[in-house]
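Predicted model, so just to flag it, every value in this text is computed and none were measured. Convention: sequence-line order gives letters A, B, ...; per-chain numbering from 1.
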2 protein chains.
Amino acid sequence: MDRPADDLTARARIRDAAINLFTERGIEAASIRDIAAEAGVSSGLVRHHFGSKQALREACDQYAKERMLQIGEELVFQGGAARTDVATMHPVTLPLQTYLVRSMMDGSDTATALFLEMVDAGEDFTKTLPREPSDVRAYAAVLAAMKMGVFVLRDQVSEAIGEDIASPTGYARLTKAMLDIFTIPVMTPEQLEQLQKYSEEH
Amino acid sequence: MDRPADDLTARARIRDAAINLFTERGIEAASIRDIAAEAGVSSGLVRHHFGSKQALREACDQYAKERMLQIGEELVFQGGAARTDVATMHPVTLPLQTYLVRSMMDGSDTATALFLEMVDAGEDFTKTLPREPSDVRAYAAVLAAMKMGVFVLRDQVSEAIGEDIASPTGYARLTKAMLDIFTIPVMTPEQLEQLQKYSEEH
DNA sequence: CAAACTACTACACGATCGTATAGTCAAGAG
DNA sequence: CTCTTGACTATACGATCGTGTAGTAGTTTG
């Protein structure tokens, strides 16, 4: 995960193992014993370092969020997009994002706070667009949800395109597709009009 | 859920309760006892009707998928978009989609199959676009993942826009925002060029 | 040197899980 | 009438869960 070299303590290994298993199996389904086994320690040590499963989870939330923002900071280039947006496009953050979405789904305040920060940043960005949407807040919220949401279906997208999106070429195809979606209108003006008319009738 | 009137048997109530709790808490975290309690029956009856938790889950997958397609069929209007795309836009399918994504995340073959069908349909649709993306398959896959993925962050989107997206006005704002995202380019051509150049360098 | 602290393991606890079994009750068949 | 069948409940089982406790080894501190 591209982490600092002195971060290989047992505590760090437990946290990494927890993020992995929480992501793969869901938070409830990942047991402390399995996390300990993956980290190569006893289950008692997990409790020693983190106190409880809930506290372990919050430590993972905090770490994932901080790493996301930290990577975003490092990547900001010549006054371009917001740091959160840059971070979401970088492959290193893929496992972090996937974890954060899973944690969000299971009611993490920390992860939800990060989401709201992304929406705020996206809202400011949206106002700079040449054509401003009517409901800027909703636009930014849905956009953020779409960007994050893609990663929860990572296995399905990988299966659909025939290669793992975590691989270099797969990730390149993913980001290119996202850029295309954000630049090529998905609907023709006629289809849009038809759908809006239809949705007003029902 | 707008279901047929004669579908109020104990079996149906159990299935509905299972879909609700599986969605809210995750599949592993929702116990058979809680599902039985929500359906107003004993836990033994759940086993009697469905055999095992895994079988109950597969029945829910099957039901949710069929309802989605069925609603899509009913909604198809004058030779417009594919039925899956129409279905994803309709408020009735919101809980079904949310469930299916959660089930997908935990490795449901049935739900994944539906996703792949959506990608196939989206691929055909993409080819009719005035401007065709270079990687049609990846484009369709990411688009489908984005549409589905929004709903896993339903609570977060609701919090961001200040009202429940399941409410009529909240859902209207959500769909409008999705339409805007799909018609208004999120990036200016300069930003796109800058980002592509950057991603080639790294 | 002794005391204290930290990293760590082993093991036992109550609770809850999915599952299994036995039995009740009502309706229909012969 | 008896017999069968299906919907349904009550209860018990082994396994696994998060957590608690006791203890060891090594280092630090006074």
Run the salt-bridge test on [X] and [Y] with the 4.0 Å N-O cut-off and return the result as yes or no.
| X | Y | value |
| --- | --- | --- |
| Arg15(B) | Asp61(B) | no |
| Glu117(B) | Lys65(B) | yes |
| Arg25(B) | Asp34(B) | yes |

Does [X] make a side-chain N or O approach to OP1 or OP2 of [N] shorter than 4.0 Å?
| X | N | result |
| --- | --- | --- |
| His48(A) | dC8(C) | no |
| His49(B) | dC8(D) | yes |
| Ser31(B) | dC17(C) | yes |

Nearest-angstrom distance from the residue atom [atom1] of [X] to [atom2] of [N]:
| X | N | atom1 | atom2 | result |
| --- | --- | --- | --- | --- |
| Ile27(A) | dG18(D) | CD1 | C1' | 15 Å |
| Phe50(B) | dA20(C) | CZ | P | 17 Å |
| Ile35(A) | dT19(D) | CD1 | C1' | 14 Å |
| Glu28(A) | dG18(D) | CD | P | 8 Å |
| Leu45(A) | dG18(D) | CG | P | 16 Å |

Q: Identify which nucleotide among dA12(D), dT9(D), dT9(C) has an atom closest to any side-chain atom of Arg33(B), counting heavy atoms from C-beta outward.
A: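 Side chain of Arg33(B) sits closest to dA12(D).
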
Q. Which nucleotide sits closest to the side chain of Arg47(B): dC8(D), dA12(D), dT21(C)?
A.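 Within the option list, the nearest is dT21(C).
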
Side chains of [X] and [Y] in contact at under 4.5 Å (non-hydrogen atoms):
| X | Y | value |
| --- | --- | --- |
| Arg57(A) | Phe22(A) | yes |
| Asp120(A) | Arg137(A) | yes |
| Met148(B) | Met118(B) | yes |

Q.
Quick check on the helix from dC1(C)-dG30(D) to dG30(C)-dC1(D): what's the angle between its two end axes, five base pairs per end, to the nearest 10°?
A.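 Comparing the first five pairs with the last five, the axes sit 10° apart.
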
Q.
What contact category does Ala30(B) fall into here, base, sugar-phosphate, or nothing, at under 4.0 angstrom with non-hydrogen atoms?
A.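 The residue Ala30(B) makes sugar-phosphate contact but no base contact.
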
Q) Where each residue is assigned the nucleotide of DNA chain C containing its nearest heavy atom, which of Gly40(A) and Ser43(B) is assigned the position nearer the 5′ end? A)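 Looking at the nearest nucleotide for each, Gly40(A) comes out on the 5' side.
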
Q: Tell me which of Gly44(A) and Gly51(B) sits closer to the 5' end of DNA chain C, going by the nucleotide each one is nearest to.
A: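 With Gly44(A) and Gly51(B) compared, the 5'-side residue is Gly44(A).
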
Q: Output the residues of residues 52-61 of chain A in contact with DNA chain D, where contact means a heavy atom of the residue under 4.0 Å from an atom of the strand; sort by number or write none.
A: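 Those residues are Ser52(A), Lys53(A).
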
**Q.** Cationic tip of Arg11(A) above Phe50(A) ring, under 6.0 Å, 45° of axis
**A.**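 Checked: cation-pi criterion met.
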
Q | Working for side-chain contact (heavy atoms from CB on, under 4.5 Å), residues Met104(B) and Leu153(A) | A | CA-CA 7 Å; Met104(B) 250 184 247; Leu153(A) 296 180; 3.7 Å; yes

Q | Candidate pair Arg47(B) and Lys53(B), rule side-chain contact (heavy atoms from CB on, under 4.5 Å), full reasoning | A | CA-CA 8 Å; Arg47(B) 175 172 166 80; Lys53(B) 188 178 184 178; over 6 Å; no

